[in-house]
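Notes follow once the structure below has been shown.
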Amino acid sequence: MTDKIDIPIITIDGPSGAGKGAITHLVASKLGWHILDSGALYRILGVVSEASGIDLDELNHSEVLRNKVTQLARDLVVQFKFNPETEEIEPFIEGKSLSKQIRTDHAGQSASKVAVISSARDALLECQKDFAKMPGLVADGRDMGTIVFTHAPVKIFLTASAECRAERRYKQLINKGVGANMRALLKSIQDRDERDQNRSVAPLVPAVDSLVVDSSLLTINEVFTQVIDYATKKKPDWFA
Ligand code: DC
């Protein structure tokens with residue numbers, strides 16, 4: 001059996017809207033590796049917590065509520081299945097797809113609110129580590145390189161200015177025919193950055209041994225090329 005430590009891992013961390021999801025999919029499909037979308041786990045925890053009546057804006061003031069969220073995290077049984085139609089990995093709870101529910105901006109905010117609870121993060125740790133399987137894993141999140149997979153040989157920190165990320169999100173929504181407000185989107189991104197970067201546990205920071213890529217002025221393909229060039233230099237055997 002392969003020792004877990006020998007499983008090839010690339011971590012891709014960074015703020016929301018920097019293009020981590022797209023790069024993760026491109027890198028994983030080039031290498032034929034598995035994907036961990038850790039944000040989906042936090043989004044599910046946020047959605048499930050709200051569905052059980054927890055007011056996430058009260059979490060800072062109430063240990064009882066934080067303990068409830070932690071218990072929900074411990075009890076969470078999520079299955080991830082590949083949907084060939086959308087070519088996306090969908091999360092399921094008790095046979096029900098949560099794909100649509102967790103992809104809203106509201107769910108992103110809820111995720112960021114439950115993600116400040118240290119004990120809830122601990123409860124999700126093992127589940128995330130279990131994603132490391134041969135032939136390899138590309139792990140997308142905020143603390144993949146700093147907490148969950150500190151031993152990963154290739155770590156990327158993908159960022160972009162808040163304005164640029166808001167504009168991309170705006171275009172995405174407009175293309176989908178969904179109404180969007182640029183100022184509200186920018187505010188939502190800035191709020192989430194503020195919470196994710198300044199929390200006391202697992203804050204969003206680049207790992208010291210990561211390659212920082214600012215995608216503000218780059219296309220997805222240019223970012224992809226930089227990531228692959230860097231990974232090839234660090235681990236040529238992965239690409240042999
Ligand atoms: O990547 P995302 O937008 O789906 O993440 C949603 C939120 O979940 C993000 O704002 C913070 C939290 N999160 C986290 O704290 N740690 C991770 N590894 C992934 C996400």
Side-chain angles (χ1 to χ4, degrees), residues 9-25 27-28 35-50 56-57 59-60 66 69-70 72-73 76 78 80 88-91 98-132 137-150 152 155-160 162 164-166 168-169 172-173 185-207 210 215:
I9 299 178
I10 297 178
T11 60
I12 305 195
D13 288 309
S16 58
K20 295 185 303 294
I23 293 299
T24 297
H25 275 86
V27 174
I35 285 177
L36 165 60
D37 172 3
S38 61
L41 288 174
Y42 288 94
R43 283 170 185 260
I44 291 169
L45 183 59
V47 165
V48 168
S49 301
E50 279 197 312
L56 303 184
D57 290 321
L59 288 178
N60 283 344
R66 290 197 294 275
V69 173
T70 300
L72 287 170
L76 214 56
V78 186
F80 287 89
E88 281 187 359
I89 297 162
E90 282 185 27
L98 292 181
S99 207
K100 284 217 172 73
Q101 247 176 304
I102 63 164
R103 290 295 155 211
T104 63
D105 282 329
H106 179 81
Q109 291 290 353
S110 305
S112 165
K113 289 174 190 169
V114 294
V116 303
I117 307 171
S118 164
S119 47
R121 299 193 73 85
D122 286 347
L124 296 180
L125 207 54
E126 277 314 302
C127 159
Q128 294 177 79
K129 288 188 174 174
D130 283 347
F131 275 79
L137 176 72
V138 187
D140 160 346
R142 302 292 186 289
D143 60 345
M144 298 295 98
T146 50
I147 304 278
V148 184
F149 301 111
T150 46
K155 298 180 185 177
I156 309 292
F157 189 85
L158 185 57
T159 187
C164 175
R165 289 181 280 134
R168 285 181 192 159
R169 183 77 184 131
Q172 249 177 13
L173 291 171
L185 284 175
L186 181 59
K187 166 96 174 60
S188 168
I189 279 183
Q190 286 167 333
D191 285 352
R192 200 126 72 88
D193 283 356
E194 157 80 18
R195 205 180 297 113
D196 294 349
Q197 284 163 356
N198 295 319
R199 64 185 177 214
S200 56
V201 50
L204 173 66
V205 283
S210 63
S215 75

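Counting convention: from 1, in listed order, for ligands and their atoms alike.
Here is the list of ligand 1 atoms found below 4.0 Å of a heavy atom in Asp143: 16 (N), 17 (C), 18 (N). Every atom of ligand 1 with a heavy atom of Arg199 under 4.0 Å away is listed here by number and element: 14 (C), 15 (O), 16 (N). Close approach to Ser112 involves these atoms of ligand 1, each under 4.0 Å from a residue heavy atom: 7 (C), 10 (O). Remark: ligand 1 atoms within the under-4.0 Å shell around heavy atoms of Met144 are 18 (N). Of all the atoms in ligand 1, the ones that sit under 4.0 Å from a non-hydrogen atom of Arg43 are 2 (P), 3 (O), 4 (O), 6 (C).
When only non-hydrogen protein atoms are considered, atom 6 (C) of ligand 1 lies nearest to Arg192 NH1, 3.4 Å. Protein heavy atom in closest approach to atom 5 (O) of ligand 1: Arg142 NH2, 3.4 Å. Summary of contacts: the protein heavy atom closest to atom 16 (N) of ligand 1 is Arg121 NH2, 3.0 Å. Among all non-hydrogen protein atoms, the one lying nearest atom 7 (C) of ligand 1 is Ala111 CB, 3.5 Å.
From Lys129, atom NZ reaches atom CD1 of Ile9 across 10.0 Å, with rounding to the nearest 0.5 Å. Rounding to the nearest 0.5 Å places CD of Gln101 at 10.5 Å from OG of Ser110. With rounding to the nearest 0.5 Å, the separation of CZ in Arg66 from OG in Ser119 is 8.0 Å.
Under 4.0 angstrom from ligand 1, the non-hydrogen atoms of Asp196 all belong to its side chain. Within the 4.0 Å heavy-atom criterion, neither part of Lys113 lies near ligand 1.
Side-chain contact between Val47 and Ile44 is absent, with no heavy-atom pair separated by less than 4.5 Å. Side-chain contact check for Ile147 versus Arg121: every heavy-atom pair is 4.5 Å or farther apart. The side-chain heavy atoms of Ile35 and His25, taken from C-beta on, include a pair separated by under 4.5 Å. Contact of the Val78 side chain with the Leu98 side chain is not registered, since no non-hydrogen atoms from C-beta on lie closer than 4.5 Å.
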For this session: Determine, stepwise, if the pair Lys187 / Asp105 fulfils salt bridge (Lys or Arg N to Asp or Glu O under 4.0 Å).
Result: CA-CA 12 Å; Lys187 166 96 174 60; Asp105 282 329; over 6 Å; no
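Looking at Pro15, Ser38, Gly14, it is Ser38 that brings a heavy atom closest to atom 19 (C) of ligand 1. Nearest residue to atom 12 (C) of ligand 1 from Gly17, Ala115, Gly108 is Ala115 (criterion: closest heavy atom).
Salt bridge annotation for Arg195-Asp191: absent, with no cationic side-chain nitrogen under 4.0 angstrom from a carboxylate oxygen.
Remark: distances from the non-hydrogen atoms of Arg195 to ligand 1 are all 4.0 Å or more.
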